[in-house]
Amino acid sequence: MGIVVLTMKASVIEMFLVLLVTGIHSNKEMTKKIKRPKFTVPQINCDVKAGKIINPEFIVKCPAGCQDPKYHVYGTGVYASYSSVCGAAVHSGVLDNSGGKILVRKVAGQSGYKGSFSNGVQSLSLPRWRESFIVSESKPQKGVTYPSTLTYSSSKSPDAKAGETTKAYPRPSASGTTAQPVTLMQVLAMPAAEVNHATLPKPFPFVASATSSPRPQPLGHRSWEMDLWTTPHTSSNSPGAKPGIQKQDSPGAAFQEPMGTDVSFGEMDLWKPGSVLLDAGFIPKEELSTQSSEPVSLGDPNCKVDLSFLIDGSSGIGKRRFQIQKQFLADIAQTLDIGPAGPLMGVVQYGDNPATQFNLKTHMNSQDLKTAIEKITQRGGLSNVGRAISFVTKTFFSKANGNRGGAPNVAIVLVDGWPTDKVEEASRLARESGINIFFITVEAAAENEKQHVMEPSFANKAVCRTNGFYSFNVPSWLGLSKTMQPLVKRVCDTDRLACSKTCLNSADIGFVIDGSSSVGTGNFRTVLQFVANLSKEFEISDTDTRIGAVQYTYEQRLEFGFDKYSTKPDILNAIKRVGYWSGGTSTGAAIHYALEQLFKKSKPNKRKLMILITDGRSYDDVRIPAMAAHQKGVITYAIGVAWAAQDELEIIATHPARDHSFFVDEFDNLYKSVPKIIQNICTEFNAQPRN
């Protein structure tokens, strides 16, 4: 009996060992068959934005040519997810313009993305954004699995054009079917074939108010709500409503799609990047409001102006007309499409004294601006327009108030009837500061009221030009809205904003001309022609560029000052009439004389340019007078001919000397330097901040 038991035990053990060995062998065979799929790096186009890709971390391949400025980038180092992924990679220096592989990692949104120029890409600033990302070299981290296929927040992804497969989240199954719920992370991990059969967990339904009704929408538009999960509105012919799941495909909004609706895979829209499913099954409004899939408008780039509205808050306008005025401003704000890349707008209200309601950088989009306009309250008092224009010239268009420098400055004055002070002098100073003044006169003085007008034709004395382009005369406040479209069109026509400062219309230019004996009569006429050729390039008037001239030998003579002639023909005739003096060469004394007799009378808001032409070494010292000119803010160009001393030219010229000193070997070649001098003047002007 004992032998039988031992034999049976041995058989059992033998069978167990056989099964064990067979199982291990099968497992090895299975392991051999199930090979880990090879990771392929997905390729994207230059215009793909990080915010359109849902994956929190991924490796992609960028094509060549992403340095192009049309692929916008926002930020430096850390980029807003509204940026081009590949453009940011080039900007950061991870890639060059030939393309390549990069690692992208999503991080939290932030405020104050700073623009910069790096590696041939100009990134832009952005006040804030809901999500950021950083770019690094494509070195995979241990333990991290990177997707071979990217998941996009819209079925119409740019990569779909290139034939790339994209994943989409499934909709809940139709009513009447039963499916096991899966988590969001499980959906992300599923192969596409499995995703089609998966069902997302149903949220806790909201309790709908019995009196609630959907907001009416224009025909053909979809109803937008702010909650990720919602309950469809129950209509009279619908016996019951099922909870629906929304899809995100609009800024700050969600589109409701009822459960049970048959939607093809190709039409499927996805969750936005950064969305998190909470245990309750929905996203709070305050969290969702920061996660719009598109940014607040950056503004209309075809209308990049810095705009100040001077509104009439005087007692005489009354509450009703003041309200009409505010509505006009709100309509303008909406029409202009306010934003950091387009027009910016501030408001100054005047009565006895002006006050800034808000400046250029206070509100960066049309909606915020409209809300702020609605809150403006009337100040009362007189209608001191001149004082308001002076206030705007001195304080409003400053860098601290958001003035951008490169954008034209525009001031639009609204006045009920007529001003109670004078506007001419204040407006002249505004024009000289590069401000384009528009004037809207509503219900102007009737014939029997003109005796009360302090300054007749005040609008013509105020506007940038008296050609009708800058002024509107509105018979009634009820007709003010009709001026909105033509006003916006004119303000945005920046090529016609004649009072904007440029390198050609904002300087006092003093020519200091060597009339020594070594020049000779014939060559002196050539020098005068050179002076005339330079002068022709500028826009000359009493408020634009002004020209003056000094001739020197041992002595100095003021040929004409800045205020002598105010038209180009008069200037050119005055240059022709300058007579040759003859004598020695005291260039240092001539510079000192020009500072005292010419530039001392220059206007404070003008750029001061001294252009000195000489053909020899000075008999006196030029170092101290040249230093005095530089310290007084006079930009000095030194033009040497023939025997002029190069070391003296460099001392006289403003730093850097290579941009401000020129030399030609003979007088007949002077004309060749005119284009380069003008180019350098304009390059220097454009590099400096303007009002």
Using modelled atom types only, decide if a donor and an acceptor are shared between the side chain of [X] and the backbone of [Y] within a distance under 3.5 Å.
X    : Y    : answer
N365 : G339 : no
T151 : N55  : no
S366 : A333 : yes
N505 : C499 : no
Q67  : N119 : yes
S123 : S116 : yes
R490 : R496 : no
N45  : D47  : no
K106 : S81  : no
D300 : D337 : no

Are any of the side-chain heavy atoms of [X] and [Y] separated by less than 4.5 Å?
X    : Y    : answer
V78  : Q110 : yes
Y146 : V41  : no
N680 : F662 : yes
V305 : L497 : yes
E57  : L103 : yes
V135 : L95  : no
I677 : V674 : no
R607 : I635 : yes

If I compare all heavy atoms of [X] with all of [Y], which pair ends up nearest, and what's the gap?
X    : Y    : result
F309 : L329 : CD2-CD1, 3.9 Å
L150 : P42  : CG-CG, 3.8 Å
P408 : K304 : CD-O, 3.2 Å
L360 : L344 : CD2-O, 3.6 Å
A657 : A653 : CA-CB, 4.4 Å
V104 : I102 : CG2-CD1, 3.8 Å

Distance SG-SG for C86, C66 less than 2.5 Å
no

Quiz item: Can we say the SG-SG distance for C62 and C46 is below 2.5 Å?
Solution: no

**Request:** For the pair F133 and Y79, name the ring-plane relationship: parallel under 30°, tilted 30 to 60°, perpendicular over 60°.
**Result:** tilted

Can you tell me how the ring of Y637 sits relative to the ring of H660, calling it parallel under 30°, perpendicular over 60° and tilted otherwise? tilted

[atom2] on [Y] to [atom1] on [X], rounded to 0.5 Å:
X    : Y    : atom1 : atom2 : value
F358 : T356 : CZ    : OG1   : 10.0 Å
Q334 : D331 : CD    : CG    : 8.5 Å
D493 : N302 : CG    : CG    : 11.5 Å
L369 : E374 : CG    : CD    : 10.5 Å
S308 : Q357 : OG    : CD    : 11.0 Å
D306 : K361 : CG    : NZ    : 12.5 Å

Stepwise side-chain contact (heavy atoms from CB on, under 4.5 Å) check, L336 with C303 = CA-CA 8 Å; L336 279 174; C303 184; 4.0 Å; yes

> For the rings on Y74 and W129, is their centre-to-centre separation under 6.0 Å?
Replying inline: no

- Polar contact flag, side-chain donor to acceptor under 3.5 angstrom, N359-T362: yes

Original post:
Is there a donor-acceptor contact under 3.5 Å linking the side chains of Y113 and S132?
Top reply: yes

Has Q122 got more than 12 heavy atoms of other residues, nucleotides or ligands less than 6.0 Å from its CD?
yes

Residue set satisfying side chain to side chain contact (heavy atoms under 4.5 Å, CB included) with K672, at least two apart, ordered chain then number -> N669

By side chain to side chain contact (heavy atoms under 4.5 Å, CB included), E537 pairs with (sequence neighbours left out) I678

message = If you apply the rule side-chain contact (heavy atoms from CB on, under 4.5 Å), what do you find for D659 with E684, and how did you get there?
response = CA-CA 9 Å; D659 295 331; E684 185 174 49; over 6 Å; no

Exactly one candidate in M345, H363, K370 meets side-chain contact (heavy atoms from CB on, under 4.5 Å) with I338; the answer is M345

